[in-house]
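These notes are about the structure you will find just below.
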There are 2 protein chains.
Amino acid sequence: MAKKGQKTETELRLFEAALRVFGDKGHYGANTQEIADQAQVTKASLHYYYRHKDDLYEAAFEYAIGKVSENLYTHIQEGMSAEETLRTFCDRVIRFYHDHPWLIKMFIHECLNGGKIGRAYIVELGLEEGKPLSRFIENINRAVERGEIRPVDPYQLFFTTLGSCAFPIVTQSLFSSLFPELREDPSAFLLARREHVFETIYFGLTPSS
Amino acid sequence: MAKKGQKTETELRLFEAALRVFGDKGHYGANTQEIADQAQVTKASLHYYYRHKDDLYEAAFEYAIGKVSENLYTHIQEGMSAEETLRTFCDRVIRFYHDHPWLIKMFIHECLNGGKIGRAYIVELGLEEGKPLSRFIENINRAVERGEIRPVDPYQLFFTTLGSCAFPIVTQSLFSSLFPELREDPSAFLLARREHVFETIYFGLTPSS
DNA sequence: GTCTATATCTCGATAGAC
DNA sequence: GTCTATCGAGATATAGAC
């Protein structure tokens, strides 16, 4: 059922509730009762469509990775300069995770749980020709070759960029009690990061640049 | 008991086991049976020293924050240049979390759970005069004033630096199946980040700088 | 397909012997 | 202070009526 093309209306409600609840609380923190409640069905119905909790979780995680791929990586076009690539990536990551924080939370939850379930689905982001992540890596490598930017490990740069963008969204609940700007207007702070992260990474902090 | 000065040997074993298990699995993922097993006592003994699971978790989290403060922030001295501040911070964060990944995992788990319990303890990192985080912020502000670096929001820079350093350690379990360098020699990749992160943030990517 | 009712299991916490 | 035994809440999952 979960895999077949068309979902019934009930199944769709279950699936969307699962995205919200798993996204918010992760695999362990979520419970089937809450998912059933949000979908306005009973637990028995939930188990009718998805035999085990894990089946529902896997379906949700696979869908989430697809959404991430679609919203973050497809906007990085082959042949973009490093500047365009980084600008686009910062903008998409921060806007997307700002609007859908449960997606990055689901991902981080899965990381903390050892990635046992998610590992099978993350290959969709792969590095092979044409896959989403490969365009980021390729664009950086080309930019180094033609001297737009200094030599840099594109994998390291990927983590630096994604980490800079995603980390404040993940840690907001704790750091907001410490940082006045983040506490008073989280959206403004997070959206201001699009410029900050791009400029810091691309131009650095030294005034000469 | 937990708060008093001297811990008995059994209590110490329990506490250290709690650090490991909570650190690895977070508040919800951890269970008291596993902590008791690792401490080689029964659950009943665990509950003798710590009435509720939450008491043990709070003690562990408070201790963890103290460790983080002690190992990351005390090495940032008042009056350091921005260059020294960032170099020191990258070096300490990556080395420390590389050696003790459960500490950053515990922190992120708490963030994902909404920070309800940890919020009370994170104020120890505060921004007030003399508190650990204030030195980072102050050093950056001074560096801007005297023109060492261009104008930058020190709070934004804090997230950029910490996120760049911590994110790969947190997400290693999932991204290692995607990035060959990270999979084949995680330590080398993570330790190489100390230079990469500092140079990317301080000097940027543009070759002119 | 959806429900009520329930089986089964896991976990935090307690009682009481020693 | 540590143990065995057990309680009771809450979770996943199933049985069977409709």
Side-chain angles (χ1 to χ4, degrees), chain A residues 1-61 106 109-110 112-114 116-118, chain B residues 1-61 106 109-110 112-114 116-118:
Chain A
M1 280 161 268
K3 296 280 183 178
K4 289 281 174 60
Q6 289 299 65
K7 287 186 171 70
T8 70
E9 200 237 326
T10 303
E11 186 178 359
L12 192 64
R13 281 210 315 278
L14 268 168
F15 184 76
E16 288 171 345
L19 282 174
R20 286 194 299 274
V21 178
F22 280 128
D24 191 36
K25 308 193 174 173
H27 180 267
Y28 289 109
N31 63 26
T32 53
Q33 183 66 65
E34 183 174 355
I35 295 172
D37 287 348
Q38 284 206 21
Q40 293 177 295
V41 296
T42 61
K43 272 189 301 179
S45 289
L46 183 151
H47 285 288
Y48 170 78
Y49 287 101
Y50 300 89
R51 195 95 151 74
H52 305 282
K53 181 186 182 183
D54 279 13
D55 299 334
L56 185 48
Y57 178 79
E58 289 190 33
F61 192 85
M106 173 181 264
H109 260 123
E110 179 61 21
L112 292 177
N113 291 338
K116 290 175 289 292
I117 298 176
Chain B
M1 280 160 269
K3 296 279 183 179
K4 289 281 175 61
Q6 288 300 63
K7 287 186 170 72
T8 69
E9 200 236 324
T10 302
E11 187 178 358
L12 191 64
R13 281 210 316 276
L14 269 167
F15 184 75
E16 287 171 345
L19 282 174
R20 286 194 298 273
V21 178
F22 280 128
D24 191 37
K25 309 194 173 172
H27 180 266
Y28 288 108
N31 63 27
T32 53
Q33 184 67 66
E34 184 175 353
I35 295 172
D37 288 348
Q38 284 206 21
Q40 292 177 294
V41 296
T42 61
K43 269 192 302 179
S45 288
L46 182 152
H47 284 289
Y48 171 78
Y49 287 101
Y50 299 90
R51 194 94 152 75
H52 305 282
K53 181 185 182 183
D54 279 12
D55 299 334
L56 185 49
Y57 179 78
E58 289 190 32
F61 191 84
M106 174 181 264
H109 260 122
E110 179 62 21
L112 292 177
N113 291 339
K116 290 175 289 292
I117 299 176

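Just so it is clear: chains get the letters A, B, ... in the order the sequence lines come, proteins before strands, and each one is counted from 1. Worth saying up front: this structure is predicted, and the values here are computed from it rather than measured.
Under a 4.0 Å N-O distance rule, the pair B:E9/B:R13 qualifies as a salt bridge.
Remark: the B:Y50 side chain and the B:T32 side chain contain no N/O donor-acceptor pair separated by less than 3.5 Å.
Residue contacts for B:T10: at a heavy-atom cut-off of 4.0 Å it reaches the sugar-phosphate backbone alone, with no base atom in range.
Across the protein-nucleic acid pair, B:Q40 atom CD and D:dG1 atom C1' stand 17 Å apart, rounded to whole Å. Between the NE2 atom of B:H52 and the C1' atom of C:dT14 there is a distance of 11 Å, rounded to whole Å. Straight-line distance from the OH atom of A:Y48 to the C1' atom of D:dT14: 15 Å, rounded to whole Å. Taking atom CG on B:L56 and atom P on C:dC11, their separation rounds to 16 Å, with Å as the unit. For the pair A:H47 NE2 and C:dA7 P, the interatomic distance rounds to 17 Å; values are reported in whole Å. Atom CG of A:L46 and atom P of C:dT4 are 15 Å apart (whole Å). The separation between B:K53 atom NZ and C:dT14 atom C1' is 17 Å, rounded to whole Å. Across the protein-nucleic acid pair, A:L14 atom CG and C:dG1 atom P stand 13 Å apart, rounded to whole Å.
Residue B:T42 places at least one side-chain N or O under 4.0 Å from the OP1 or OP2 atom of D:dC3. Within the 4.0 Å cut-off from OP1 or OP2 of D:dA13, not a single side-chain nitrogen or oxygen of A:Y50 is found. Proximity of A:R51 to the phosphate of D:dT12: no side-chain N or O atom is located under 4.0 Å from OP1 or OP2.
For A:S45, taking side-chain heavy atoms from C-beta onward, the closest of the listed nucleotides C:dG12, C:dT2, D:dT12 is C:dT2.
Here the straight-line distance linking atom NE2 of B:H47 with atom CG of B:D55 works out to 10.0 Å at 0.5 Å rounding. From A:L14, atom CG reaches atom CG of A:L56 across 7.0 Å, with rounding to the nearest 0.5 Å. If you take CZ on B:F22 and CG on B:N31, they are separated by 9.0 Å, rounding to the nearest 0.5 Å.
Looking at residues 27-39 of chain A, you'll see that no heavy atom sits under 4.0 Å from any atom of DNA chain C.
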Restricting to nitrogen or oxygen on both sides, can you table the protein-nucleotides 5-7 of chain D pairs closer than 3.5 Å?
none

Q) Passes side chain to side chain donor-acceptor pair (under 3.5 Å), B:Y57 versus B:E110? Steps please. A) CA-CA 11 Å; B:Y57 179 78; B:E110 179 62 21; 2.5 Å; yes
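In this structure, the side chain of A:K53 engages the main chain of A:A30 through a donor-acceptor pair within 3.5 Å.
With sequence neighbours left out, the side chain to side chain contact (heavy atoms under 4.5 Å, CB included) criterion links B:N113 to A:H109, B:H27, B:Y28.
Taking 4.5 Å as the limit, some side-chain heavy atom of B:T8 sits within range of a side-chain heavy atom of B:Y49.
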